[in-house]
Number of protein chains: 4
Amino acid sequence: MDKPEKILATALRLFVTYGFHGTPTSKIASEAGVSNGTLFHYFKTKDDLVVALYTSIRGELNQFLVRQINTASTSKEKFRRLFVGSVEWALHNGDAFYFIQQFRFSPHLNLVSEEESRRQSEVHMELLQEARNANWLKPLPVDLIATLTASQISGIHQYLVEKTVSPDEQRKLIDDVFELTWATVANPELP
Amino acid sequence: MDKPEKILATALRLFVTYGFHGTPTSKIASEAGVSNGTLFHYFKTKDDLVVALYTSIRGELNQFLVRQINTASTSKEKFRRLFVGSVEWALHNGDAFYFIQQFRFSPHLNLVSEEESRRQSEVHMELLQEARNANWLKPLPVDLIATLTASQISGIHQYLVEKTVSPDEQRKLIDDVFELTWATVANPELP
Amino acid sequence: MDKPEKILATALRLFVTYGFHGTPTSKIASEAGVSNGTLFHYFKTKDDLVVALYTSIRGELNQFLVRQINTASTSKEKFRRLFVGSVEWALHNGDAFYFIQQFRFSPHLNLVSEEESRRQSEVHMELLQEARNANWLKPLPVDLIATLTASQISGIHQYLVEKTVSPDEQRKLIDDVFELTWATVANPELP
Amino acid sequence: MDKPEKILATALRLFVTYGFHGTPTSKIASEAGVSNGTLFHYFKTKDDLVVALYTSIRGELNQFLVRQINTASTSKEKFRRLFVGSVEWALHNGDAFYFIQQFRFSPHLNLVSEEESRRQSEVHMELLQEARNANWLKPLPVDLIATLTASQISGIHQYLVEKTVSPDEQRKLIDDVFELTWATVANPELP
DNA sequence: GATGAATGAGCATTCATTCAT
DNA sequence: GATGAATGAATGCTCATTCAT
């Protein structure tokens, strides 16, 4: 892991525990094993670091989801991979997922460009748009469906984190909730 | 409005705009029309103020929901009031609702006592427990159902805030999403 | 004990433990069982309180010493009463004695008027002057003798406080040191 | 003089004049010609600075005394060097000597470790112990003798500071008081 | 590129003091 | 006399950022 990566990884861990404000750049630097100055060599400001971390995490998540989706063929199956993949990624990357939400409810969100924002939800949106075009979805706004499914993903994840659930049950619960969600948004008249 | 209330109201407005860290206590005090010392007379520390604000907001929301629920008789109708009421409260109290989420993804959450936490979700949980006992719900964990419905509430709210939707459409969308949610969690075998 | 006295007694206890700066007037007031405002009703400022406490303590010590001295007739015996009495008073009024020294090495000392200062060492000085006039003392400056004996008093007291010594031994040690001191300053040629 | 030294020297001057509390760190920094942040770069807290100053001063005094003592051979001569050296050091380092006493009657004293405390009186104690072993001292507790001689040192110093005395007289007075003190504590039966 | 000493603006918090009741 | 809410100046300390080496 090179220095910028080390800094990002350390920042993630500390931000999640202590918050943005509660984490001095000096602590990030020292725990990442680099000097104070080096941090600012790679990231112009602390805000830059925060945004870079967000962008990097969203990038990883997206890459992961694209790989998941590509292994499926039907719309429903792709949607399942997106849903289940998202929850599992969140479970395996607890800090990163927490950080995303922390970031979304902070003034830093404004520092992300429109374009970058769009890119980040592209996967989800394209998938839904495709399903809508094929008439697989209820006649609700696609944006609404996207928001609702994202909420469900975050909901089931939150439940699984708070309760202690065996891996088997976990998989079953995720699948159950996926089916419920699918039943909620899918056009009931199509096979 | 007495001084502590004025301070809380001002803090809410500023926190939502600038974040906890981005809001100096001095700014809260001056915009609330009190002296710096007075703020600390009523709230021992800035953290105390943040937690007090959270507790106060959750209290108001709960009171509102209780009043809503009490106007209905059947479980489904109560549930609808809870759901629709929550979304409408969120729409009318955008800052407060945003603050709740901001708070939940911050280290301040740890400063809320277990007991206080329980009290805050009591209304929702009791309602669902009652429905479950009457066999109105699918055989899923009540906690899961609670989390999922809370997610849907937050999802539809988010959608309505991002898009511009006429009041009439708003009401219709909220109701549609409620019916979908109800269909998702309700036991299909009961009338 | 009336309110001003209660305030002084509480202030003494707190000053000795936490220092002048480490003791807020609000703490003095609350521990003395009076309101914040009452403290300032009796003492115009905190500095006033500090000085008043010093003056009051020195007054008590002086009264005590005068009473001690009056029970003796010869110069040496008076001197012994002064010496032994001072040490015993210091042992019984540890806080007060500590406070005197704390005060003497603080900028507050400048707030005590020349006249008040003189009055405070009057007893000691008059006694030595009398002894000098009667030719009982070595031909050293009276002021020097005063300072040296005061140092010895403070020295033996310090020793007794740091070590744990039985009351009997205490009395013996004090007397021994007195005799040594007397031998040091007294004119050896007079009976 | 490097920065920490400059800060200590400035702090000493200001503490003696205005007291610990009366001296803001910002004033120390600016008069030392460094920034506020630099002060805290070298001393974690203001208390740390105070303690470091005390330790540093005691260290210098000790070094000086060790050098003095090493120029003498007999116990009495060493003792004289200790006594006279202490008074002269105090006269030449008035601020430092005043600060030591200011510090000793303040809550900061508790921040000095036992070990450090012992090290500070080591020179004095070892010298007396050596004299005691050689049977040069009266059969009094060595600790008591140490405390009494320290008091005499502080006493003669105080006198010399308050009165204006010519250098020649000064030397004579110090020597006289040393001889008196020696007569007080030395075993009269040894040559 | 890498370092870390140095900076100084900024902020939470304290506390002596006032004054209306 | 007694109260205690209100004040706001004062201060210790933090921390993002710079820059000479």
Side-chain angles (χ1 to χ4, degrees), chain A residues 2-4 7 20-30 32-50, chain B residues 2-4 6-7 18 20-30 32-50, chain C residues 2-4 7 20-30 32-50, chain D residues 2-4 6-7 18 20-30 32-50:
Chain A
D2 63 11
K3 290 188 181 180
I7 292 169
F20 301 138
H21 168 50
T23 308
T25 51
S26 58
K27 194 172 187 186
I28 299 172
S30 71
V34 302
S35 79
N36 218 318
T38 300
L39 187 150
F40 283 90
H41 180 68
Y42 288 108
F43 305 94
K44 232 174 166 40
T45 66
K46 190 184 187 182
D47 280 355
D48 268 20
L49 169 60
V50 172
Chain B
D2 63 11
K3 292 191 181 178
K6 203 127 196 214
I7 293 169
Y18 305 107
F20 301 139
H21 169 51
T23 309
T25 52
S26 57
K27 194 171 185 186
I28 299 172
S30 70
V34 302
S35 79
N36 218 314
T38 299
L39 187 152
F40 284 93
H41 180 70
Y42 288 108
F43 305 95
K44 240 177 161 34
T45 65
K46 190 183 185 183
D47 279 358
D48 265 23
L49 168 61
V50 172
Chain C
D2 64 11
K3 291 190 180 180
I7 292 169
F20 301 138
H21 168 51
T23 308
T25 52
S26 59
K27 195 173 186 185
I28 299 172
S30 72
V34 303
S35 80
N36 219 318
T38 299
L39 187 151
F40 283 90
H41 180 68
Y42 288 108
F43 305 95
K44 231 175 166 41
T45 67
K46 190 185 186 182
D47 280 356
D48 268 20
L49 169 60
V50 172
Chain D
D2 64 10
K3 292 191 179 177
K6 204 127 196 212
I7 293 168
Y18 306 107
F20 302 139
H21 170 50
T23 309
T25 53
S26 57
K27 194 171 186 185
I28 299 173
S30 71
V34 303
S35 78
N36 218 312
T38 299
L39 187 151
F40 285 94
H41 180 69
Y42 288 107
F43 305 95
K44 241 178 160 34
T45 65
K46 190 182 185 183
D47 279 357
D48 265 23
L49 169 61
V50 172

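A note on names: the letters A, B, ... follow the listed sequences, proteins ahead of strands, and every chain is numbered from 1. Atom set for the values below is all heavy atoms of this structure, side chains included, hydrogens, waters and symmetry mates excluded. Quick caveat: nothing in here was measured; it's all calculated off a predicted structure.
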query = Starting at CD1 of Ile28(C) and ending at P of dC15(E), how long is that distance when rounded to a whole Å?
reply = 11 Å
query = Where do Tyr42(B) and Lys3(B) land on the side-chain contact (heavy atoms from CB on, under 4.5 Å) test, with the steps shown first?
reply = CA-CA 9 Å; Tyr42(B) 288 108; Lys3(B) 292 191 181 178; 4.0 Å; yes
ask   = Can you name the nearest heavy-atom pair linking Ile7(B) to Phe43(B), along with the distance?
value = CG2-CE1, 3.8 Å
remark   = Under a 4.0 Å heavy-atom criterion, the protein footprint on nucleotides 16-21 of chain E, written with B, S and -, is BBB---
Asp2(D) CG to dA5(E) P, straight-line distance once rounded to whole Å = 13 Å
ask   = Between Tyr42(B) and Gly22(D), who's closer to the 5' end of DNA chain F by nearest nucleotide?
value = Tyr42(B)
ask   = Please give, in whole Å, the distance from dC15(E) C1' to Leu49(C) CG?
value = 14 Å
request  = Give a yes/no on whether any side-chain N or O of Thr38(B) is located under 4.0 angstrom from OP1 or OP2 of dA6(F).
outcome  = no
ask   = Tell me: CD1 of Ile7(A) to C1' of dT3(E), nearest whole Å?
value = 13 Å
request  = Please name all residues satisfying side chain to side chain donor-acceptor pair (under 3.5 Å) with His41(B), sequence neighbours left out, ordered by chain then number.
outcome  = none
query = Pick the nucleotide of DNA chain E nearest each of Val34(A) and Lys3(D); which residue has the one closer to the 5' end?
reply = Val34(A)
inquiry  = So that I can compare with my own list, what are the stems of DNA chain E, taken as at least three consecutive Watson-Crick or G-U pairs with distances under 3.5 Å?
reply    = E:2-21 with F:2-21
query = Where is the tightest heavy-atom contact between Thr45(A) and Phe40(A), given as atom of each residue plus distance?
reply = CA-CE2, 4.1 Å
request  = Please name the pair of heavy atoms, one in His21(A) and one in His21(B), separated by the smallest distance, quoted to 0.1 Å.
outcome  = ND1-ND1, 3.1 Å
ask   = Looking at residues at least two apart in the chain, or sitting in another chain, which of them share a side chain to side chain contact (heavy atoms under 4.5 Å, CB included) with Ser35(D)?
value = Thr38(D)
Donor-acceptor pairs under 3.5 angstrom involving side-chain atoms of residues 22-30 of chain A: please list them, not counting sequence neighbours.
{"unit_1": "Thr23(A)", "atom_1": "OG1", "unit_2": "Leu14(A)", "atom_2": "O", "d": "3.3"}
{"unit_1": "Thr23(A)", "atom_1": "OG1", "unit_2": "Gly19(A)", "atom_2": "O", "d": "2.7"}
{"unit_1": "Ser30(A)", "atom_1": "OG", "unit_2": "Ser26(A)", "atom_2": "O", "d": "3.4"}
{"unit_1": "Ser30(A)", "atom_1": "OG", "unit_2": "Lys27(A)", "atom_2": "O", "d": "3.3"}

task = Grab the NE2-P distance between His41(D) and dG4(E) for me, whole Å please.
result = 10 Å
